[in-house]
Amino acid sequence: MNLVALLKYMQENYGQQKSNYSFKKNKVAKKFKEEVKVALPASVLGDEYKISASVGKGQWATIPWIAVHDKDVSTSVQRGFNLVYLFTNDYQGVYLSLNQGYTYVDKNYSNANLALKRVGDFWRENLSLLINTNDFTTEQIILERKIERKNRLMNGYEDGNIYSKYYDIAQLKESENDNLIQDLVHMLMVFKELKTHLVPNSEDQIKATIDFILNNGIYSELSEKAKSEKIVEIEKKRKLVLGKEETHSRNSVVKEEKAPYITKRDYAKEAIRNTEKGLQGEYLVINYERERLTQNPITKPYADKITHVAESGDGHGFDIISYDINPDAPNEVIEIYIEVKTTTGNRDAPFYLSDNELNVARIKGALYKIYRVYNYNTMPQLKIIDNLFNENLEIKPINYIVKGVNQNDNNTKNQLPKNTL
């Protein structure tokens with residue numbers, strides 16, 4: 001049973017079961033929990049995620065749910081931050097919601113609903129991927145669709161929402177299941193951005209982050225605190241070094257064998273995993289650059305000025321601003337622009353470049369560098385590409401934009417290709 005089928009199964013059966021049948025050993029409840037693992041398989045999400053679902057404990061829940069947990073953050077909807085499919089109380093609709101654990105906040109803070117709203121407002125104001133398009137919204141969710149006594153948990157779900165998308169279950173088609181999975185992938189990307197800004201704390205990073213926000217902490221301070229501690233932690237575990245094959249020295253061109261930059265793989269699972277892997281690769285490069293700049297007395301003052309621009313969004317065309325000695329003026333320091341590409345594969349594995357990255361590379365010229373982090377899962381090594389456009393590199397376009405055209409426009413008609421089917 002795929003996700004659309006599972007949602008329809010609940011729409012058609014849950015209300016009737018809740019009103020007329022016992023909760024104990026209920027076949028609908030059992031089937032719901034079993035099919036969740038089929039609808040959202042680990043092969044799509046990856047091992048770092050846990051799936052859970054509930055129709056109640058000992059009695060029917062007013063709001064059944066399905067949750068996707070990042071194991072590093074939380075494994076329960078009661079605490080932390082999770083992605084949750086929350087059904088409305090008439091079971092005709094469902095929200096995919098980036099949500100907060102109400103129970104934890106209720107137990108640890110005097111005014112739980114106010115705390116949830118303040119924390120939600122903080123993330124809504126600062127997360128760069130919260131874009132109100134494709135029916136995603138930062139507006140409040142409304143779970144009460146039929147009048148009944150509204151319980152605290154339903155209020156908590158509503159106040160804990162940060163970002164969501166609503167689905168009218170009756171309108172969903174089986175053919176749209178892939179669209180729902182893509183929506184989940186987008187939400188996982190948003191969650192990854194939030195995760196990178198949680199305060200690292202060996203005791204309780206959730207409490208530390210909530211306290212920081214409720215004490216009127218500033219997002220930029222939280223970002224720097226979280227990032228600096230993560231960088232230190234990564235540095236303890238592994239260190240990035242130039243691959244032994246490299247003969248690279250600054251201001252010289254690396255001689256690269258011919259290799260295409262892209263492949264035709266484009267899986268939702270890879271998109272989820274690559275977000276985290278890419279960020280860790282960027283942290284490794286920041287560590288590498290700091291050490292490199294520190295070793296030269298001319299560039300040493302710039303070691304603490306390295307800027308991780310990717311933290312504020314992906315529209316720059318590069319990930320990091322670092323520094324180097326100007327080859328035309330040995331006592332002058334200039335900015336360089338680093339795009340980090342991380343892989344678990346070897347140094348010759350192809351990689352993707354966006355159209356924006358390619359355009360920025362052309363504009364920046366010799367100041368634009370590709371830092372290829374490879375063998376990421378074992379012993380990370382680095383290949384530096386100084387000249388993206390030299391004759392030994394092959395760049396192939398694999399994606400095309402399709403725009404609507406006016407079929408009544410004679411000029412447009414002349415440009416349309418003939419149907420060869």
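Closest of all the heavy-atom pairs between D159 and L116 is O-CB, 3.7 Å. When every heavy atom of S164 is checked against every heavy atom of E139, the shortest pair comes out as OG-O, 4.3 Å. Heavy-atom minimum distance, G80 versus S74: CA-CB, 4.4 Å. A pairwise comparison of heavy atoms in S322 and L293 identifies OG-CD1, 3.8 Å as the closest pair. Taking both residues in full, the closest heavy atoms of P301 and I298 are given as CD-O, 3.5 Å, listed atom of the first, atom of the second, then distance. Closest approach of P330 to I325, counting heavy atoms only: O-CG2, 3.3 Å.
Considering only heavy atoms from C-beta on, E357 comes within 4.5 Å of L353 through its side chain. Contact annotation: the side chain of T307 never approaches that of I320 to less than 4.5 Å [non-hydrogen atoms, C-beta and beyond]. Side-chain contact between T75 and D70 is absent, with no heavy atoms from C-beta onward closer than 4.5 Å. Side chains of Q381 and K383 form no contact here, defined as non-hydrogen atoms less than 4.5 Å apart. At a threshold of 4.5 Å between non-hydrogen side-chain atoms, the residues K71 and E48 do not count as touching. Counting heavy atoms from C-beta on, the side chains of N13 and Y91 never come closer than 4.5 Å. Looking only at side-chain heavy atoms (C-beta outward), L86 and I141 come within less than 4.5 Å of each other. The closest side-chain heavy-atom distance from W123 to I213 is below 4.5 Å.
When only modelled atom types and interatomic distance are considered, Y157 and N151 share no side-chain donor-acceptor pair under 3.5 Å. Side-chain contact annotation: T62 with N89, donor-acceptor N/O pair under 3.5 Å absent. Counted by atom type alone, E125 and Y219 present zero donor-acceptor pairs between their side chains at under 3.5 Å.
Atoms CG and CD1, on L130 and I162 in that order, are 8.0 Å from each other to the nearest 0.5 Å. Between atom CD of residue E35 and atom CG of residue L7 there is a gap of 12.0 Å, rounded to the nearest 0.5 Å. We find the CE-CG distance between M187 and L184 to be 8.5 Å, quoted to the nearest 0.5 Å. Summarising the geometry, atom CE belonging to M1 is positioned 10.5 Å from atom CZ belonging to F32; distances are rounded to the nearest 0.5 Å. Atom CG of N99 is separated from atom CD of E158 by 10.0 Å, given to the nearest 0.5 angstrom. Atom CZ in R79 sits 12.5 Å away from atom NE2 in H69 (nearest 0.5 Å).
For the pair R118 and F212, the cation-pi criterion (under 6.0 Å, within 45° of the ring axis) is not fulfilled.
Remark: F136 engages Y163, H186 in a ring-ring contact (aromatic ring centres under 6.0 Å, His included) (not counting sequence neighbours). The side-chain contact (heavy atoms from CB on, under 4.5 Å) check on Q78 picks up K57, S76, T103, with sequence neighbours excluded. Residues forming a ring-ring contact (aromatic ring centres under 6.0 Å, His included) with Y302 (at least two apart in sequence, or on another chain): Y323. Take D121 and apply the salt bridge (Lys or Arg N to Asp or Glu O under 4.0 Å) test, not counting sequence neighbours, and it matches R124. With sequence neighbours left out, the ring-ring contact (aromatic ring centres under 6.0 Å, His included) criterion links Y337 to F318. For A170, the side-chain contact (heavy atoms from CB on, under 4.5 Å) criterion is met by Q11, D168, not counting sequence neighbours.
No donor-acceptor pair under 3.5 Å is formed between the side chain of N82 and the backbone N or O of V84. The backbone N or O of Q92 sits less than 3.5 Å from a side-chain atom of D90, completing a donor-acceptor pair. Side-chain atoms of Y14 come within 3.5 Å of backbone N or O of V55 as a donor-acceptor pair. Remark: side-chain polar atoms of N177 are paired, donor with acceptor, to backbone N or O of L3 under 3.5 angstrom. Within the 3.5 Å criterion, the main-chain N or O of P350 finds a donor-acceptor partner in the side chain of R372. Between the side chain of K369 and the backbone N or O of L388 there is no donor-acceptor pair closer than 3.5 Å. Remark: side-chain polar atoms of E176 are paired, donor with acceptor, to backbone N or O of K173 under 3.5 angstrom. Between the side chain of T88 and the backbone N or O of L143, no donor-acceptor pair lies under 3.5 Å. Remark: the backbone N or O of N132 is not paired with any side-chain donor or acceptor of D135 at under 3.5 angstrom. Without hydrogens or angle criteria, K165 side chain to N134 main chain gives a donor-acceptor distance under 3.5 Å.
Residue Y371 forms a side-chain hydrogen bond (donor to acceptor under 3.5 Å, both in side chains) with just one option from E339, K341, E289, and that option is E289. When the options L382, D319, L284, I370 are evaluated for a side-chain contact (heavy atoms from CB on, under 4.5 Å) with V340, the one that passes is D319.
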Step-by-step side-chain contact (heavy atoms from CB on, under 4.5 Å) determination, L194 to T196: CA-CA 5 Å; L194 183 151; T196 61; over 6 Å; no
Determine, step by step, whether F191 and V68 satisfy the side-chain contact (heavy atoms from CB on, under 4.5 Å) criterion, reporting the C-alpha distance in whole Å, the side-chain angles of both residues, the deciding distance to 0.1 Å, and the verdict. CA-CA 11 Å; F191 184 85; V68 179; over 6 Å; no
With side-chain hydrogen bond (donor to acceptor under 3.5 Å, both in side chains) as the criterion, how do N287 and R292 come out once you've worked through the C-alpha distance, each side chain's angles and the decisive distance to 0.1 Å? CA-CA 9 Å; N287 286 334; R292 180 182 68 80; over 6 Å; no
Step by step, work out the side-chain hydrogen bond (donor to acceptor under 3.5 Å, both in side chains) result for Y376 and Q280. CA-CA 9 Å; Y376 173 78; Q280 303 297 335; 4.5 Å; no
Quick one, H308 with Y283, criterion side-chain hydrogen bond (donor to acceptor under 3.5 Å, both in side chains). Give me CA distance, side-chain angles, the key distance, then yes/no. CA-CA 9 Å; H308 192 189; Y283 288 157; 5.1 Å; no
Does the side-chain hydrogen bond (donor to acceptor under 3.5 Å, both in side chains) test come out yes or no for Y49 and D72, once each step is laid out? CA-CA 9 Å; Y49 294 98; D72 291 337; over 6 Å; no
Under the side-chain contact (heavy atoms from CB on, under 4.5 Å) criterion, do I321 and I306 qualify, and how do the steps go? CA-CA 6 Å; I321 298 176; I306 295 170; over 6 Å; no
Do L188 and L83 pass the side-chain contact (heavy atoms from CB on, under 4.5 Å) test, and can you show the C-alpha distance, the side-chain angles, and the key distance before you say yes or no? CA-CA 8 Å; L188 284 164; L83 300 182; 3.5 Å; yes
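Summarising the local packing, NZ of K207 is surrounded by 12 or fewer heavy atoms from other residues, nucleotides or ligands at distances under 6.0 Å. Counting non-hydrogen atoms of other residues, nucleotides and ligands closer than 6.0 Å to CD1 of I142 gives a total of 12 or fewer.
A distance of 6.0 Å or more separates the ring centres of Y95 and Y85.
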